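Heads up: the structure comes next, in C-alpha cells.
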Amino acid sequence: DGLAALRGRATEMPPGTGWQPPRFLAELMVMTEARLLVASGDLEAARALLAQQGPMEALPGFAVVMARLQQAEGDPAAAAATLTAYLDAAATAPVDSLVVAEARLLEAVVWAELGEHDQAAQSLEHALALAATEGYRQLFVDGGAPVRALLVRQRKRGTKHPALVADLLGRLGHQVAGARAAPTSLVEPLTERELAVLRLLPTELSQREIGRQLFVSVTTVRTHLRGIYRKLGATGRRDAVDQARRLGLL
C-alpha cells in the first residue's frame, strides 16, 4: 500500500553511504506518512509520529494534516481552529494555492460538522474560487459524500461558480453510482481498522473489550465507531450491523 511504499523509499539508500535526505524532504516524508496513517485509521500512530518530530508548523500542508487528524479523532472544533489559524497566516504570506484549497475545503467540511453552515458555505466558496482558476477538481472528488452534500447545499444557496458545482456534482454522482453498483463498496470506504471494529460489532463485546481484542484504547474504538456510523449512515451499533450486512461487509 501507499504507507509501505513510502517507508520503502525511505530505506532505499544502502547503509554506510553516509547519505541523509535534506531536512525539508525528511519532514515532508513524515507528514506524508502521518497523512496516510490518518487515512488508514491509525490515529495514535499518526499523532505519535508528528509529536516525536518536533515543530513542523512552518511546512506546507502541516495544518491540513493536523486538522485531518483532529477531525478523525472526533474533534472538529479543534480542526476548525487549526485551519483558521493557518488560513489567517496564509493571507499575508506566499503559500501553495493547492494547500490553501485543500484547507478551505476541509474547513467547510468541519464547519458543517459543527452545524455552522454559513461559515461552511463561505469556506466552500473560497475553495471553489481556487478550483475555478487552478483546476483543483480532484480535491472535491476525493472528498466523497460530505463534499457532495456541501455542494448540493451550496447550489441551493447560490454560488458564483454554478457550472463548476454542476461539474463536480456530476463527477461525484458517477462515484456514488459506482459505489452503489458494487454492493461491497461505499462512497467513502471503511479503513482496515474500522473493518476490524465492524467485524466485532455483532458480538456482545463492550467497546472496552473490543479495544482489548484489537490492542487499542477505548478512545480509539470510539473514534472508529464514529467513522463507521458516518460512512454507513447508521444511527447506532445495531443499525451499523444491519447496514453492513446489506452491503455484504459482514
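All values reported here derive from a predicted model rather than from experimental measurement. What's counted below: heavy atoms across the whole structure, side chains too, no hydrogens, waters or symmetry copies.
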Contact between L168 and L128 at the side-chain level, heavy atoms closer than 4.5 Å - yes or no? yes
Applying side-chain contact (heavy atoms from CB on, under 4.5 Å), can you list everything that pairs with P202, at least two apart in sequence or on another chain? V241, R245, L250
If Ile, Leu, Val, Met, Phe, Trp and Tyr residues are connected whenever their side-chain heavy atoms lie under 4.5 Å apart, and connections chain through other members, are L105 and L98 in the same group? yes
State, with a plain yes or no, whether a side-chain heavy atom of L124 is found less than 4.5 Å away from one of F140. yes
Looking only at atom types and distance, does a side-chain atom of E194 sit under 3.5 Å from a main-chain N or O of T191, one as donor and one as acceptor? yes
For P162, is there any backbone N or O sitting under 3.5 Å from a side-chain donor or acceptor partner on T159? no
With a 4.5 Å heavy-atom cut-off, do L249 and L232 have their side chains touching? yes
Applying side chain to side chain donor-acceptor pair (under 3.5 Å), can you list everything that pairs with R230, at least two apart in sequence or on another chain? E188
Residue pairs passing the salt bridge (Lys or Arg N to Asp or Glu O under 4.0 Å) test where at least one lies in residues 200-216, sequence neighbours excluded: none
Under the rule for side chain to side chain donor-acceptor pair (under 3.5 Å), what residues qualify as partners of R222, not counting sequence neighbours? Q207
Do R155 and H161 come within less than 4.5 Å of each other through their side chains, counting heavy atoms only? no
Ionic contact status for E44 with R193, cut-off 4.0 Å: no
By salt bridge (Lys or Arg N to Asp or Glu O under 4.0 Å), which residues pair with E107, not counting sequence neighbours? R104
Would you say T82's side chain and A78's backbone share a donor-acceptor pair under 3.5 angstrom? yes
Identify, with sequence neighbours excluded, every residue that meets side chain to side chain donor-acceptor pair (under 3.5 Å) alongside R226. T223
Taking every heavy atom of A34 against every heavy atom of L49, the minimum-distance pair comes out as N-CD2, 3.7 Å
I want to check something: taking the side chain as every heavy atom from C-beta on, are R148 and R171 in contact at a cut-off of under 4.5 Å? no
Indicate every side-chain donor-acceptor pair of residues 109-120 with a distance under 3.5 Å to a residue at least two apart or in another chain.
from	atom 1	to	atom 2	distance (Å)
E113	OE2	Q71	NE2	2.7
D118	OD1	R157	NH1	3.2
D118	OD1	R157	NH2	3.0

For T219, what residues pass the side-chain contact (heavy atoms from CB on, under 4.5 Å) criterion, not counting sequence neighbours? S217
Do L43 and V218 sit in the same hydrophobic cluster, where Ile, Leu, Val, Met, Phe, Trp and Tyr count as joined when their side-chain heavy atoms come under 4.5 Å apart? no
So does R238 pair up with D242, basic N to acidic O under 4.0 Å? no
Taken in chain and number order and not counting sequence neighbours, the residues that satisfy side chain to side chain donor-acceptor pair (under 3.5 Å) with D75 are none
Could you tell me which residues satisfy side-chain contact (heavy atoms from CB on, under 4.5 Å) with R237, sequence neighbours excluded, listed by chain and number? L201, T203, I210, Y229
Under 3.5 Å: donor-acceptor pair, side chain of K160, backbone of E125: no
Only counting residues at least two apart or in another chain, list the ones meeting side-chain contact (heavy atoms from CB on, under 4.5 Å) with Q122. none
Interatomic distance, Q243 atom CD to T235 atom OG1 [nearest 0.5 angstrom]: 8.5 Å
Output all residues satisfying salt bridge (Lys or Arg N to Asp or Glu O under 4.0 Å) with R153, sequence neighbours left out; order by chain, then residue number. none
